[in-house]
Every structure is written in structure tokens, then in C-alpha cells.
Amino acid sequence: MCTSIIYPAGDYYFGRNLDLEVDLGQRIVITPRNKNLEFREMPNLEHHYAIIGMSIIRDDYPLYFDGINEKGVGMAGLNFNGPAHYFPVQQGKDNIASFELVPYILATASSVNEAKKLLANANIANLNFSDKLQAAPLHWIIADKTGASITVESTIEGLKVYDNPVGVLTNNPEFPRQLVNLSNYRGISPTAPENTIAPKVDLPVYSRGFGSHFLPGGMDSESRFVKATFAKMHAPVGNSEVENITNYFHILQSVEQQKGLDEIAPNTYEYTIYSDGSNLSKGIFYYRTYENSQINSVDMHKENLETSELITYRVQNQQEINHQN
Ligand SMILES: C[C@H](CCC(=O)NCCS(=O)(=O)O)[C@H]1CC[C@H]2[C@@H]3[C@H](O)C[C@@H]4C[C@H](O)CC[C@]4(C)[C@H]3C[C@H](O)[C@]12C
């Protein structure tokens, strides 16, 4: 499972938890402005916005899981197994393969509004990157540095682009159903509720945190959607970049998957392989991993973005304990 959020704190911070049972060997990849990006059914992009994010590289192509661009647009692909449906190439449409969608949008959109325009005539084409890397069933969240956010879902009914008023995405079911389900938790609150069930009976508030007594805590997608929304909506705004990115990771940790809790096959468990988040205005990419709780960062603007070759950083996966004696 995965969870993606946009967190407002003066600047906006965007990223995700990547939950899976295997580490795919991803790296932090910067696609500079002059890296020729090829698309199966669309014209090549020789010059475009620079991108930074988590990705694997195959045949010199960045297969981004999530990322942001230099204009402050962020995008993440999350599993959508079941409802996801991609279509044959269609004449008269902008045919984009699912694995091309993140690089395509981030290379060309400077805002969520521009992304919407690009998607207006899009068809997510059922093309595989290769026999080994077949199309993954995904849906996507796109957000920008103004705080705008949309969800993109290609189902049997066609391509849907929804405004995302909570700035959260997890997995199944379809996005409108996640919002309907959220209504069930209208009463969840950081403060203790009034006794409305039996006002004349003394029902003591015997514990702190009463307002979130009915907050779901499961690993499933609906539970994470509700919990991440609650955590995000009530997260404080810090006074510095460090405070803000610290708050940001606390939100994602509220829906982190610990090893051993989500068995997807005998003795095989899904877990939060990495969490990442970027300051959309500053172009700084932060991440932690399951093994390394320290927050690491890569600033895209410290690289020469006018170049034409992919730039990669190894994911720091080693835990460094600060031994104090
Ligand atoms: C599995 C990842 C999503 C994590 C997630 O949502 N897990 C929830 C599982 S579930 O709901 O509980 O079943 C997705 C996110 C981005 C995906 C990758 C990117 O789309 C880039 C390429 C695309 C290729 O077509 C397939 C390999 C791949 C490298 C994808 C592998 C995999 O599907 C990734 C890594």
C-alpha cells in the first residue's frame, strides 16, 4: 500500500510512503532540462522542466515512482489494482503509456491547472515498458506549490480527473468512494467530544485522545486515507524548514507499515520501504527509509540543471545510531 500527501506549512511539502514487499533498487534521480525524453506515441521532449524523484532507470529512461519538478509540481503513482484500466492507442488522442505519465506531466506542467489541460485529451495507453516491466495498475496524485491537488484515474469508464480537496491519496477503491467513506469519520477530532449520547449520565473522559477513539488504524487503504487526512489536517505549521519537514514525516509515519503486519503471501510482508517529501517551492527532496530513520536531502538546484544526462544519488539505507556515551 502507499500513501501520498501534500502538507501546507507556508511552503507546501509533497511526497509519499512507498509500501511494497520488495525493494526495487530505486535511486534519487534528477532529469535535467536537456535530457532527451522519448515517448512511445508522443513527440520527444528535448528541452523541458527539470525533475527530481525516486526512480529506477532502464535503457537510460527514468521510470519515476514519484517526483517533483522545478516549477513546484509534484506527482506520485500509487497502486490501483483492479479498477485501473488502460486502453489501446487511440487516433486523435494524446496517447501516454502509464510508465510515461509521471515524466510527461512533470516535464511539461508548471501547475496543476496546466496538468489538467494536458490530461484533457489524454489516453493512458496499455503499453508495456518491456516484457519484464509490464504496465503497473496505478492511479496518480498531482499537486503544486499553491496547494492545488488532483487525482487521476483511468478505469473502464475512461480517464477521470478529480479535484482532491483533502490532498491525500492511498489505493483502492476509486477516489470518490474514499471521500464518501471519509464522511463516516466527520466526528473525529483532536478534542474530547461532548457527551451527546446520554447527557444526564456521568460518562467520564477517562483518557486523553478521546476525540480520535474511532479513528481507523488498519493497514488497509481506506483506513490509511482517513488516518492520513486527520493527521495532515491537524498538523501544526513550524517556524522553520527543519520543523516543517519533521512535521511532514510525522504525518506519513502515522500510516507507516511496520514489517510483519501486512502479510501478502506466506511469510512475505509489505512494509514502508521509503518515505519522501519535497519542498515544492525550494526543489529540495527529502527522504527516510525503513532502515534509516534519518532525514536525508538532495537539493535539485545544487546540480547543473542545464545538462542532458540523468544524475543519480544512491539511497542512504544505513541506520546511524548517535551513540552518546
Ligand atoms: C508498487 C508501487 C506502488 C506501491 C503501492 O501502492 N503499493 C500498494 C500495494 S496494494 O495496493 O496494497 O496492493 C508502484 C509505484 C510506482 C510503480 C513503478 C513506476 O510506475 C515505474 C515502472 C512502471 C513499469 O510499467 C513497471 C515497473 C515500475 C518500476 C513500477 C513498479 C511499481 O508498480 C511501482 C513501484
Side-chain angles (χ1 to χ4, degrees), residues 1-5 14-29 31 37-41 51 53-68 74-86 95-107 124-142 151-155 168-175 177-178 218-225 227-228 252 255-259 261-265 268-276 287 289-290 310 312 315:
M1 321 238 175
C2 287
T3 307
S4 178
I5 57 165
F14 171 82
R16 64 105 55 84
N17 280 347
L18 189 290
D19 305 337
L20 203 59
E21 60 283 6
V22 281
D23 191 315
L24 298 175
Q26 60 281 343
R27 293 178 166 239
I28 300 107
V29 176
T31 302
L37 281 176
E38 290 180 13
F39 298 94
R40 300 284 164 96
E41 300 288 330
I51 303 168
M54 280 292 192
S55 179
I56 58 171
I57 299 173
R58 294 291 182 275
D59 303 335
D60 200 33
Y61 192 87
L63 288 164
Y64 278 106
F65 305 2
D66 54 84
I68 68 159
M75 182 164 178
L78 285 81
N79 238 18
F80 194 43
N81 200 3
H85 186 90
Y86 307 140
N95 291 289
I96 306 159
S98 57
F99 60 84
E100 295 173 336
L101 194 60
V102 174
Y104 177 75
I105 292 291
L106 293 182
I124 310 301
N126 57 4
L127 301 166
N128 295 327
F129 182 77
S130 63
D131 285 349
K132 269 191 177 170
L133 289 180
Q134 306 240 333
L138 302 175
H139 60 172
W140 297 266
I141 178 170
I142 306 176
T151 298
V152 181
E153 296 186 335
S154 181
T155 69
V168 173
L169 190 66
T170 58
N171 305 104
N172 297 356
E174 290 89 337
F175 186 68
R177 284 179 56 192
Q178 293 280 16
M219 306 281 147
D220 61 292
S221 173
E222 280 188 333
S223 297
R224 282 179 289 106
F225 192 94
K227 195 170 184 193
L252 279 185
V255 286
E256 182 182 81
Q257 303 218 41
Q258 188 191 313
K259 280 184 182 172
L261 301 191
D262 184 5
E263 191 173 30
I264 53 121
T268 307
Y269 295 90
E270 188 170 279
Y271 67 100
T272 300
I273 291 176
Y274 69 79
S275 308
D276 65 22
Y287 72 93
T289 71
Y290 194 86
L310 296 174
T312 64
V315 171

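All ligand and atom numbering here is 1-based and tracks the order in the structure.
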Asker: Need the ligand 1 atom indices (1-based, order shown) with element for anything under 4.0 Å from a heavy-atom of Leu24.
Answerer: 35 (C)
Asker: Flag Asn79 as yes when one of its N or O atoms lies below 3.5 Å from any N or O atom of ligand 1, and as no otherwise.
Answerer: yes
Asker: Is the closest N or O pair between Asn171 and ligand 1 shorter than 3.5 Å?
Answerer: yes
Asker: With heavy atoms of Leu138 as the reference, note each atom of ligand 1 found under 4.0 Å away.
Answerer: 14 (C), 20 (O)
Asker: Could you establish whether Asn81 and ligand 1 come within less than 4.0 Å of each other, counting only heavy atoms on the residue side?
Answerer: no
Asker: Can you check which of Tyr64, Phe99, Tyr61 brings a heavy atom nearest to atom 19 (C) of ligand 1?
Answerer: Tyr64
Asker: Working to the nearest 0.5 Å, report the span between CD1 of Ile51 and CE of Met75.
Answerer: 10.5 Å
Asker: Within the 4.5 Å heavy-atom criterion, are Ser4 and Phe14 side-chain neighbours or not?
Answerer: yes
Asker: Is there side-chain contact between Pro173 and Glu222, with at least one heavy-atom pair below 4.5 Å?
Answerer: yes
Asker: Please confirm whether Gln134 approaches ligand 1 to less than 4.0 Å, judged on its heavy atoms.
Answerer: yes
Asker: Just distance, no hydrogens or angles: give the donor-acceptor pairs under 3.5 Å from side chains in residues 56-64, sequence neighbours left out.
Answerer:
{"residue": "Asp60", "atom": "OD2", "partner": "Lys35", "partner atom": "NZ", "Å": "2.5"}
{"residue": "Tyr64", "atom": "OH", "partner": "Val29", "partner atom": "O", "Å": "2.9"}
{"residue": "Tyr64", "atom": "OH", "partner": "Thr31", "partner atom": "N", "Å": "3.4"}
{"residue": "Tyr64", "atom": "OH", "partner": "Thr31", "partner atom": "OG1", "Å": "2.8"}

Asker: Which ligand 1 atoms does Cys2 reach within 4.0 Å, using its non-hydrogen atoms?
Answerer: 3 (C), 4 (C), 5 (C), 6 (O), 7 (N), 8 (C)
Asker: One residue to check: Ile264. Relative to ligand 1, which of side chain, backbone, both or neither has a non-hydrogen atom less than 4.0 Å away?
Answerer: neither
Asker: Do Lys259 and Tyr269 meet the cation-pi criteria used here (NZ or CZ under 6.0 Å from the six-membered ring centre, within 45° of the axis)?
Answerer: no
Asker: For the residue pair Leu101 and Ile124, establish whether any side-chain heavy-atom pair is separated by less than 4.5 Å.
Answerer: yes
Asker: Decide yes or no on ring-ring contact (aromatic ring centres under 6.0 Å, His included) for Tyr287 and Tyr274, but give the supporting numbers first.
Answerer: CA-CA 7 Å; Tyr287 72 93; Tyr274 69 79; 7.9 Å; no
Asker: Using a 4.0 Å cutoff against the non-hydrogen atoms of Ala136, which atoms of ligand 1 qualify?
Answerer: 25 (O), 33 (O)
Asker: Scan side-chain atoms only and decide if Ser221 and Asn172 contain a donor-acceptor pair under the 3.5 Å cut-off.
Answerer: no
Asker: So if I count the atoms of ligand 1 from 1 in the order they appear, which ones are less than 4.0 Å from some heavy atom of Leu20?
Answerer: 1 (C)
